[in-house]
Amino acid sequence: MGQKQTDIDQRIWQVVMLIPAGKVATYGDVASQAGLSGAARRVGHALRGLPPDTRIPWHRVINAQGRISLPPGSAAARAQRDRLAAEGIRFTGTRRVDLAKHRWQPG
DNA sequence: ACCGTGACTCTGC
DNA sequence: TGCAGAGCCACGG
């Protein structure tokens, strides 16, 4: 088999699974940890391909501004916000997460 | 092989 | 803080 797409996606998903509850990582962080430094956009694409019933904590991945990158108001965006809130993550008035406090620091 | 596209990021105003 | 521009990687057509 060896489908290359699956190969890279799985590496990305594997990194996402390492993010503990209550913590978040940016797309860039995940890309870097997956050995794809600079390919933040590729991470977004990989998460986009996740099935709705996945166990992978995709909601813990946000952008470098501390905001949700999904379309504002979309069901997915609300789901991400709710899941993060359920893990104790607070949002600022401008719907941002305090990265200095919640950012996952591997190693 | 070229071009357009994206759940991105950084810099500047 | 917000918006625009340019840079980025990898992918699909």
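A note on names: the letters A, B, ... follow the listed sequences, proteins ahead of strands, and every chain is numbered from 1.
Of the residues in residues 50-63 of chain A, A/W58, A/N63 come within less than 4.0 Å of DNA chain B through at least one heavy atom, sorted by number. Of the residues in residues 25-39 of chain A, A/T26, A/Y27, A/G28 come within less than 4.0 Å of DNA chain B through at least one heavy atom, sorted by number.
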Practice item. Report the C-alpha separation of A/D9 and A/R42 in whole Å, then their side-chain angles, then the decisive distance to 0.1 Å, and conclude whether the side-chain contact (heavy atoms from CB on, under 4.5 Å) test is met. Key: CA-CA 9 Å; A/D9 285 343; A/R42 186 67 192 74; 2.9 Å; yes
Test side-chain contact (heavy atoms from CB on, under 4.5 Å) on A/L36 and A/R11 and set out the steps. CA-CA 10 Å; A/L36 297 169; A/R11 203 153 73 223; 3.8 Å; yes
Practice prompt. Go through the steps to decide whether A/I68 and A/R81 satisfy the test side-chain contact (heavy atoms from CB on, under 4.5 Å), and finish with yes or no.
Written response: CA-CA 8 Å; A/I68 289 175; A/R81 176 178 59 73; 3.9 Å; yes
inquiry  = As a quick check of understanding, evaluate side-chain contact (heavy atoms from CB on, under 4.5 Å) for A/V97 and A/F91, giving each step before the final call.
reply    = CA-CA 5 Å; A/V97 170; A/F91 284 81; 3.6 Å; yes
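Rounded to an integer number of Å, the gap from A/L70 CG to B/dC8 C1' is 13 Å. One can place CD of A/Q65 at 10 Å from C1' of C/dT1, the figure rounded to the nearest angstrom. When the C1' atom of B/dA7 is taken as reference, atom CZ of A/R48 falls 8 Å away, rounded to whole Å. The CG-P distance, from A/D9 to B/dA7, rounds to 14 Å in whole Å. Residue A/R67 contributes atom CZ, which lies 9 Å from atom P of C/dC3 at whole-angstrom precision.
Considering only side-chain atoms of A/A40, the nucleotide from B/dC8, C/dT1, B/dA7 that sits closest is B/dC8.
Checked by atom type and distance alone, the side chain of A/Q80 pairs as donor or acceptor with a backbone atom of A/V61 at under 3.5 Å. Checked by atom type and distance alone, the side chain of A/R60 pairs as donor or acceptor with a backbone atom of A/I19 at under 3.5 Å. In this structure a side-chain-to-backbone donor-acceptor pair under 3.5 Å is missing from A/R90 to A/A85.
With A/S69 as reference, A/N63 is the one residue of A/L47, A/N63, A/T26 to meet the side chain to side chain contact (heavy atoms under 4.5 Å, CB included) rule.
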Give me the distances for all protein-to-nucleotides 1-6 of chain B N/O pairs that come in under 3.5 Å?
unit_1, atom_1, unit_2, atom_2, d
B/dG6, N7, A/R41, NH2, 3.3

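Between A/A79 and A/W58, the shortest heavy-atom distance links the atoms CB-CH2, 4.4 Å.
Residues A/T92 and A/D98 fail the side-chain proximity criterion, which asks for heavy atoms closer than 4.5 Å.
Side-chain contact of A/S32 with A/D29: a donor-acceptor pair under 3.5 Å is absent, judged by distance alone.
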